[in-house]
Amino acid sequence: QRQQEQKKRKMSDTQSTDSGASAATPSPASSVRRTKTHNPFRNLTPEPGYVEILKLIFLLPTLGLLRAVLVALLLLLVVVVCNLALLGSRQLPSKKREQLQAPLSGWRHRAALAVVQFAARALLFVLGFYYIDVRGKPVSTQTAPLVVSNHVSYMEPVFFTYMGFSHLAKAGVGSVPCFGAVFRVLQLLLVERSDPASCAATKDSIVQRVKAERGQWPTLCIYPEGTITNGRSLIQFKVGAFAPGVPVQPAMVSFSFTWFDPSTTYGCKYYFPRLFSQFANFMKVEFLPVYEPSTAEMADAKRFASAVRARMARAHNLSTTEHQVGDVLLSYAAQEKKLPWEVGVVEFGAVHELFNLSLDDTKAFLNKFSSYDKDHDGYMSLQEFAGALGFSTSSSLTQDLFQRFDQDEDGLLSFDEFLGGVMQIVNSVSMEQTIEWAFQLLDHDHDEYISKKELLSVIDKASLQQIEKSATDAILARLDADDAGLISKEEFKTLLLKNPKLMTSPRRAEVLENFRLSLANKYLSASSPDVRQHV
């Protein structure tokens, strides 16, 4: 609500300044514009009312404290049992090799695993998940060695542990004092996330685990989204789980709530105190039919992942978006710049696909956006945009560029609009598209003709006074083929296509250098060498 109020205030300020701005004309690069989607990382808990405040006051010191003590006792039970079960075991790997090379066996391991499963369900019960609505049935490991699930909280890993599934975990957890034995009993698949080649290494580890003799290892549960969402959509899937090309069983987890959303996402104040002070929480888990990949999907993990995601979305009537873990990292970067965290949610999967931008390059653009957004409210007004360019707000060029950046036409630029607008400028486009956009910028009154006055106006407002009057007259004379004093779009396009030297003259080089220093450098100075070379 505060963000919306800030946006409305800035919009009113901008509209009062921009009342004389001309109507926007679609740019030839508008095909890269994307429809905005909802934010899958926002917690949907409403603002706390009197009832929730009273719960925190009276239930947190009583019910909440009791729950915290019971959780601690359950964890202590698990740690003690698992350490005793593995005491003196010859099946454990050496200290140099943390990964289990073969499945654990023996009665001690089975007994410890049974205790862990009991404790997992008991922990959920203690946190208010008294009844979990489970629909469908998990199949055997021989039928599908992988379960792929959406990821909405810390609760579903606990539930799937109760079901006897194994998980991926960061390398090193096996050496954690006390809890390392618990992770070994669960036979977690350890991956090195700090390794630059971690994606390939993770895929190889998954392939080796699931392609071992079926039934040896427990079913492996993977969350291909790679981060936690609010469960209202399915974001882009990572392909590691689908690299083996084996059958997978999709599972969908969801919560029902009125006052408190248990999804572990952004935007909920006092998440754990409120979780511990709820009378009851409600979870539903649905196991969908096994998905058998086609021959083409076995050979193409990305295609396999997309097909499974589509089936899961249809089963629960959810949308799919191209958000990914990169959006979460950009949100952290936005917070470091004192911007609202939502600024970093740009649907990074689509940004990378459309503009071939790396995460580091996108962070560089975010840094520039932060420097232009003077009040750090997450939006750039016309005044801030003009200040970034070094032009006046009354400049036609400033207003035209601003309108082309402003996709939703609300008078403000969000970071994703800023990013999309900049990339329209720097992306390689055809000569005809460039000429088309140039003509639209010159045609102030949008009558499909350029006059000498309009040409001179742009030159003046863009601070390009080094073009001499005689040069302007010469250009106008060559463009105006029928000597009517006006230049049609076709005349403009035909001359420049037939005379490409006009676009590479020394005089043009001076003009473009001046314009580049005042515009492009402001956007790209923090980008990587690869992006600067591309531009």
Side-chain angles (χ1 to χ4, degrees), residues 24-37 236 321-324 326-327 329-331 333-334 337 339 342-373 378-382 384-391 397-410 412-441 462 512 515-535:
T25 305
S27 76
S30 61
S31 60
V32 302
R33 292 186 172 185
R34 299 176 288 108
T35 302
K36 289 186 177 180
T37 58
Q236 196 176 78
T321 74
E322 298 312 306
H323 295 91
Q324 55 164 256
D327 291 280
L329 299 177
L330 286 170
S331 296
K337 293 295 179 181
L339 293 168
E342 298 96 331
V343 171
V345 181
V346 296
E347 209 166 354
F348 182 71
V351 167
H352 177 70
E353 187 73 22
L354 286 171
F355 305 134
N356 195 30
L357 280 177
S358 69
L359 182 62
D360 288 339
D361 288 326
T362 309
K363 285 182 178 179
F365 282 117
L366 179 63
N367 292 339
K368 299 304 291 184
F369 180 85
S370 173
S371 67
Y372 301 149
D373 181 15
Y379 298 98
M380 190 187 298
S381 66
L382 177 61
E384 291 168 332
F385 183 76
L389 295 178
F391 294 167
L397 181 60
T398 302
Q399 293 174 358
D400 282 342
L401 282 174
F402 185 85
Q403 289 172 7
R404 282 168 174 77
F405 278 40
D406 186 12
Q407 296 181 18
D408 56 10
E409 300 180 356
D410 64 354
L412 295 172
L413 299 185
S414 59
F415 174 58
D416 59 336
E417 289 175 325
F418 168 80
L419 185 63
V422 172
M423 295 313 296
Q424 285 183 30
I425 295 175
V426 303
N427 266 353
S428 298
V429 294
S430 68
M431 179 71 76
E432 290 198 14
Q433 286 178 317
T434 303
I435 294 172
E436 175 78 19
W437 199 14
F439 186 88
Q440 291 175 5
L441 286 174
L512 289 185
F515 187 70
R516 184 184 69 82
L517 291 174
S518 62
L519 176 63
N521 263 0
K522 290 178 180 292
Y523 292 142
L524 303 172
S525 59
S527 299
S528 70
D530 290 340
V531 170
R532 289 199 295 272
Q533 184 178 5
H534 171 68
V535 176

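Since we're looking at a predicted model, the values are computed, not measured.
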Residues that Phe369 engages under ring-ring contact (aromatic ring centres under 6.0 Å, His included), provided they are two or more places apart: Phe415, Phe418

For Ser358, run the side-chain hydrogen bond (donor to acceptor under 3.5 Å, both in side chains) check against Asp360, Asp361, Asn356 and tell me which one passes. Asp361

For a 4.5 angstrom cut-off between non-hydrogen side-chain atoms, does Leu354 reach Met423? no

Minimum heavy-atom separation for Ser381 and Leu412, please, with both atom names. CA-CD2, 3.9 Å

Minimal non-hydrogen separation, Leu330 against Gly344, with atom names: CB-O, 3.3 Å

Restricting to non-hydrogen atoms, name the atom on Leu357 and the atom on Phe365 that form the minimum distance, rounded to 0.1 Å. CD2-CE1, 3.9 Å

pair Phe348-Gln324: side-chain heavy atoms closer than 4.5 Å: yes

Under a plain distance cut-off of 3.5 Å, with no hydrogens placed, do Asp416 and Ser414 share a side-chain donor-acceptor pair? yes

Evaluate the side chain to side chain contact (heavy atoms under 4.5 Å, CB included) criterion for residues Leu413 and Tyr372: first the C-alpha distance (whole Å), next the side-chain angles of each, then the deciding distance (0.1 Å), finally the verdict. CA-CA 11 Å; Leu413 299 185; Tyr372 301 149; over 6 Å; no

Any non-hydrogen side-chain atom of Leu366 less than 4.5 Å from a side-chain atom of Thr362? no

Audit row: Val343, Asp373, side chain to side chain contact (heavy atoms under 4.5 Å, CB included) steps and yes/no: CA-CA 11 Å; Val343 171; Asp373 181 15; over 6 Å; no

Could you report the tightest heavy-atom contact between Glu384 and Met380, atom names first, then the distance? OE1-CA, 3.2 Å

Contact between Asp327 and Val346 at the side-chain level, heavy atoms closer than 4.5 Å - yes or no? yes

Could you tell me which residues satisfy side chain to side chain donor-acceptor pair (under 3.5 Å) with Glu322, sequence neighbours excluded, listed by chain and number? Gln236, Arg309

Could you grab the distance from atom CD of Glu353 to atom CD of Glu347, nearest 0.5 Å is fine? 12.0 Å

